[in-house]
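Below is one structure, written out as structure tokens; the observations come after it.
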Amino acid sequence: MRLCGGVSILVDHLVVLRNIVKEYGDRGKRVRVLDGINIEIRSEILAILGPSGCGKSTLLRIIAGIEKPSSGEIIYRTSNRDRPPIGFVFQSPSLLPWLTVLENVALPLRARGVPKKEAEETARKYLSLVGLQEFENFYPDELSGGMKQRVNLARALGIEPEILLMDEPFSHLDPLTAENLRAELLDIWLSSLAPVKAIVLVTHDVVEAVYMADRIAILTPRPARVASIINIDISRPRNRLSQEFTKIVDLVYEYVS
């Protein structure tokens, strides 16, 4: 894997994935999960859509640097560091039950050596952004599922990432709570209240992908390849009942069905 910055091809792209291959196993029992993935991530909301088990979450972990590809390269647009700051929101809130909400959000900053007072000030800023400023002294088991996921989002935003990776963040929530969180995330994105330049959202939900994203990368069944990348040229806020919205949903279903 090659990490480099200041490359001319990255003028319009934050991350370029080139021919990413990922295999698991050994001793002749190898399974190829990703098979030559090529995607360019811009300043955008990019949805990654594909069948269960095709490697969407693996791809997110590779972008984050949590896993390495078996082959291929990742090129980041960065001037003075190997990788830009990347936040990660998982499917289920991974909060530490013995820490308060404030302490959970401040934890990644404290782990980076940020002084306690400064870390807590930043944590309060992002708790306020997700509407939880009054719950900083609560513990995770005192919160609803939607509130826990808001804390999860605040913690990811607290490191002030350039890229925010989200792995089916609304899938474990009831429909109304999920809808509210989608709207809040879009408000944060459109208002530029956080320094996030790109959001990469893994989802199984076609309507969610069309509602949230600027582009959708559709993956094939395992071993995953990019079947198509669809541009969503609909102004926000988007009306799910509009003809243009329905047309794109139908187009996406042609690739995933």
Side-chain angles (χ1 to χ4, degrees), residues 43-52 56-57 60 87-95 101 104-105 125-135 138 140-158 161 163-194 196-219 230-253 255-257:
S43 295
E44 63 182 342
I45 299 178
L46 173 68
I48 299 178
L49 190 69
S52 180
K56 300 184 298 296
S57 298
L60 277 196
F88 209 130
V89 178
F90 298 92
Q91 290 184 31
S92 300
S94 52
L95 305 177
V101 164
N104 266 287
V105 176
K125 171 184 175 181
Y126 287 101
L127 282 171
S128 178
L129 193 60
V130 300
L132 290 180
Q133 63 270 29
E134 297 179 1
F135 293 87
F138 283 58
D141 62 0
E142 298 175 303
L143 305 178
S144 67
M147 293 169 73
K148 290 177 184 177
Q149 197 64 316
R150 283 189 176 89
V151 177
N152 216 18
L153 176 59
R155 184 173 59 183
L157 293 174
I163 301 169
L164 181 64
L165 307 178
M166 308 187 78
D167 190 0
E168 298 188 68
F170 315 116
S171 62
H172 290 174
L173 303 174
D174 66 84
L176 181 57
T177 300
E179 185 64 16
N180 288 336
L181 274 175
R182 290 187 196 101
E184 289 174 18
L185 178 62
L186 282 173
D187 285 344
I188 292 170
W189 168 255
L190 295 172
S191 65
S192 301
L193 292 174
V196 177
K197 295 179 179 177
I199 297 174
V200 183
L201 170 70
V202 161
T203 180
H204 283 104
D205 188 330
V206 171
V207 174
E208 176 179 270
V210 176
Y211 181 73
M212 296 289 295
D214 299 294
R215 292 191 303 153
I216 303 174
I218 302 173
L219 304 186
I230 297 176
N231 294 314
I232 315 296
D233 296 320
I234 306 176
S235 60
R236 295 186 174 97
R238 292 174 179 167
N239 180 0
R240 292 180 178 85
L241 301 179
S242 71
Q243 185 176 0
E244 56 183 347
F245 190 97
T246 303
K247 183 178 178 180
I248 294 177
V249 168
D250 290 343
L251 176 62
V252 174
Y253 269 118
Y255 283 97
V256 300
S257 60

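In this chain, residues are counted from 1 in sequence order.
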(message) Assess whether a salt bridge exists between Asp214 and Arg236, defined as any Lys/Arg side-chain N lying under 4.0 Å from an Asp/Glu carboxylate O.
(response) yes
(message) Which residues pass the ring-ring contact (aromatic ring centres under 6.0 Å, His included) test with Phe138, not counting sequence neighbours?
(response) Phe135
(request) Please list, chain by chain and in numerical order, all residues satisfying side chain to side chain contact (heavy atoms under 4.5 Å, CB included) with Ser94, sequence neighbours excluded. (result) Phe90, Asn152, Arg155
Solution key, residues 166-173 side-chain donor-acceptor pairs under 3.5 Å, sequence neighbours excluded:
from   : atom 1 : to     : atom 2 : distance (Å)
Asp167 : OD1    : Ser57  : OG     : 3.1
Asp167 : OD2    : Ser57  : OG     : 2.8
Glu168 : OE1    : His204 : ND1    : 2.8
Glu168 : OE2    : His204 : ND1    : 3.3
Ser171 : OG     : Glu168 : O      : 3.0
His172 : ND1    : Ser92  : OG     : 2.9

(message) Please find the pair of heavy atoms, one from Ala194 and one from Ile188, that lie closest to each other, and give the distance.
(response) CB-CG2, 4.1 Å
(message) On a heavy-atom basis, which atom in Pro140 and which in Asn104 lie closest, and how many Å separate them?
(response) CG-ND2, 3.8 Å
(request) Could you check if a side-chain atom of Ile232 sits within less than 4.5 angstrom of a side-chain atom of Arg238, using non-hydrogen atoms only? (result) yes
(message) Between Ile199 and Met212, does the side-chain contact (heavy atoms from CB on, under 4.5 Å) criterion hold? Intermediate values first, please.
(response) CA-CA 10 Å; Ile199 297 174; Met212 296 289 295; over 6 Å; no
(message) Could you report the tightest heavy-atom contact between Ala198 and Trp189, atom names first, then the distance?
(response) N-CZ3, 3.8 Å
(message) Check this for me, if you would: do Glu179 and Arg182 make a salt bridge, where the nitrogen-to-carboxylate-oxygen distance has to be below 4.0 angstrom?
(response) yes
(message) Whether the side chain of Asn231 engages the backbone of Asp233 through a donor-acceptor N/O pair (distance < 3.5 Å, no angle test) should be reported.
(response) no
(request) Calculate, to the nearest 0.5 Å, the distance between atoms CZ and CG belonging to Arg215 and Leu46 respectively. (result) 5.5 Å
(request) Indicate yes or no: at least one non-hydrogen side-chain atom of Leu129 is less than 4.5 angstrom from one of Glu184. (result) no
(request) Indicate yes or no for a side-chain donor-acceptor contact from Arg240 to the backbone of Glu208 under 3.5 Å, with no hydrogens or angles considered. (result) no
(message) Can a donor-acceptor pair be found, under 3.5 Å and without considering hydrogens, that links the side chain of Lys56 to the backbone of Gly50?
(response) yes
(message) Restricting to side chain to side chain contact (heavy atoms under 4.5 Å, CB included), what partner residues turn up for Asn239, sequence neighbours left out?
(response) Leu241, Ser242
(message) A side-chain contact here means heavy atoms from C-beta on lying under 4.5 Å apart; do Val196 and Pro161 qualify?
(response) yes
(request) Quick one: list whatever passes side chain to side chain contact (heavy atoms under 4.5 Å, CB included) with Leu251, sequence neighbours left out. (result) Ile230, Glu254, Tyr255
(request) Output all residues satisfying side chain to side chain contact (heavy atoms under 4.5 Å, CB included) with Ala209, sequence neighbours left out; order by chain, then residue number. (result) Ala47, Thr203, Ile216
